[in-house]
Amino acid sequence: MSEPFVVAGGDAAGLSAASKCKREDPDREVIVYEKGDWISYAHCGMPYYVKGEVDSIGDLLSLSPAEVRDRGIDLHRNHEVLSVDPDSQTVRVTTGEDTFEQSYGDLLVATGARALTAPIEGTELDDVFTMHHMHSAAALRAFLTPPEEADDSIFDAGYVDLDEVSPYFEREPPETVAIVGGGYVGVEMAEAFRGWDLETHLYQRSGQPAPPFGAAVGEAITDTLREAGVELHLDTVVESLEGTEGVEQVLAEDGTLDVDCVLVGIGIRPNTELVADTGVEFGESGAIAIDDYGRTAVDNVYAAGDCAEKVHTVTGDPDWVPLGLTANRAGRAIGQTVGGEPEPIGEIAGTAVIKAFELECGRTGIIDHDRARKAGFDPVSETITAGSRSGYYPGNEATTVTLTADRKSGRLLGGTINGEDRAAVRINSLAGALHEGTTVGEFERYDLAYAPPFSPVWDPLLVAAKVLNGTVEQ
Ligand SMILES: Cc1cc2nc3c(=O)[nH]c(=O)nc-3n(C[C@H](O)[C@H](O)[C@H](O)COP(=O)(O)OP(=O)(O)OC[C@H]3O[C@@H](n4cnc5c(N)ncnc54)[C@H](O)[C@@H]3O)c2cc1C
């Protein structure tokens, strides 16, 4: 009997790997250690739970511990993997009270990432939240809920520590909230706070929200947030948060703001300390370097999800784009490799979508010209605006597309899209083209669907390809 497959981390990457390995090799012992209470939860749904669009925190859970165990997986919650000894192929695990060693045949590090708060001072004050943990989401939802509407049922089926969270139910909801950071978490949380009618301020150190989505999308998000009543502080660095027990003020370059609550969403860092001294290698991003099968530089140690890099399909170089699908997919592939025939984890295109109130935005590939040049391309971009449906059909909305290609080869490098009529999912056909190394000329001849309720004859992506191809051919 082979040594067990041990997994550190019980969410997207970890449980996908454990489940797939068990399906491939039902006789293999599979052990999952999760340091917290929560397993198999949807981070991505937290802003919508805080907003109240998702009723209960239990709705964000995919698998219960019992369902995981029914799959034959030996699951241990509140067990933190402290260290790895590659020589003896053991991990050291603690429950907080006891510490023990567990041997492994294969080990998967699926420890995710954590929210950054440095270098902002004062983030330890009460009523300062990050949105990277279910407990924060639960506490924030309780804080926003007026006392007369307070009801524990919003925590149904969760593992919420009611002692910690319930006091928020007894307090008057905040009136003014500041969001520090205008990435996708900040933008989604702005919608959540405005949903509770709070005076909402969003601070962003650069000149636009959601920088990875490029200038055209940034402008559209800026307009949308302002129209929805969000007070934007662009090009503004927050220096510190001040207060005695709870946060009372935001000190920023543009002055001081009195607040009742702060949400910090200034980025994340991969959780890699576990393998810091093991011979595992790290990429420039600080995330764990892996090969096409998720293998680290240490024998029998794999890494997947937000703690690991992956190869970018456009540049062919390692990159760190911590997102949900690729975490699940890498975990599943590693489970397959460990339990049966090896399967590559696949490449990434950095495809992402974001909703800002009614505005939908998508991005994929390399859209930043400096980055494209560093990768050896000669980038050229065009931006167009076209209808989302036939002009005569109700619901037609302006849809803006930016496409970027390499002038020399014509190869598509990336693109963005925004609009209010199912714009975001349109990015997927472009993502597919990037995976195939398609040129803009080839993309212009793609057979995309047309019927008046869904698209004009020329899909906005095809219009953009036609214009960009003209520029590339000049
Ligand atoms: C607010 C928010 C919204 C998001 N929205 C989207 C979205 O719309 N689309 C999208 O694609 N992605 C989104 N993401 C990102 C997505 O949630 C992550 O990419 C995904 O959860 C990564 O999965 P993972 O398994 O690598 O890590 P995680 O989900 O972070 O899981 C890692 C687990 O490891 C545990 N752990 C850590 N250290 C140890 C240890 N030493 N021992 C044992 N256990 C340990 C942690 O407690 C955690 O449960 C969002 C993230 C956030 C925070």
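Just the heavy atoms: all of them, side chains too, but no hydrogens, waters or symmetry mates, feed the values below. First listed ligand is number 1; within each ligand, the first listed atom is number 1.
Using a 4.0 Å cut-off between charged nitrogen and carboxylate oxygen, Arg171 and Asp260 do not count as a salt-bridge pair. Under 4.0 Å is where a charged nitrogen must lie from a carboxylate oxygen, and between Arg28 and Asp106 at least one such pair does.
A cation-pi arrangement is present between Arg141 and Tyr49 under the rule of less than 6.0 angstrom and at most 45 degrees off the ring axis.
With sequence neighbours excluded, no residue satisfies side-chain hydrogen bond (donor to acceptor under 3.5 Å, both in side chains) with Ser166. Judged as a side-chain hydrogen bond (donor to acceptor under 3.5 Å, both in side chains), and not counting sequence neighbours, the contacts of Thr438 are Tyr446. Remark: Asp223 pairs with Glu227 by the side chain to side chain contact (heavy atoms under 4.5 Å, CB included) rule, at least two apart or across chains.
Within 4.0 Å of ligand 1, contacts by protein heavy atoms are made from Gly9, Asp11, Ala12, Ala13, Tyr33, Glu34, Lys35, Tyr41, His43, Cys44, His79, Glu80, Val81, Ala110, Thr111, Gly112, Met131, His132, Tyr184, Val185, Gly305, Asp306, Pro322, Leu323, Gly324, Ala327.
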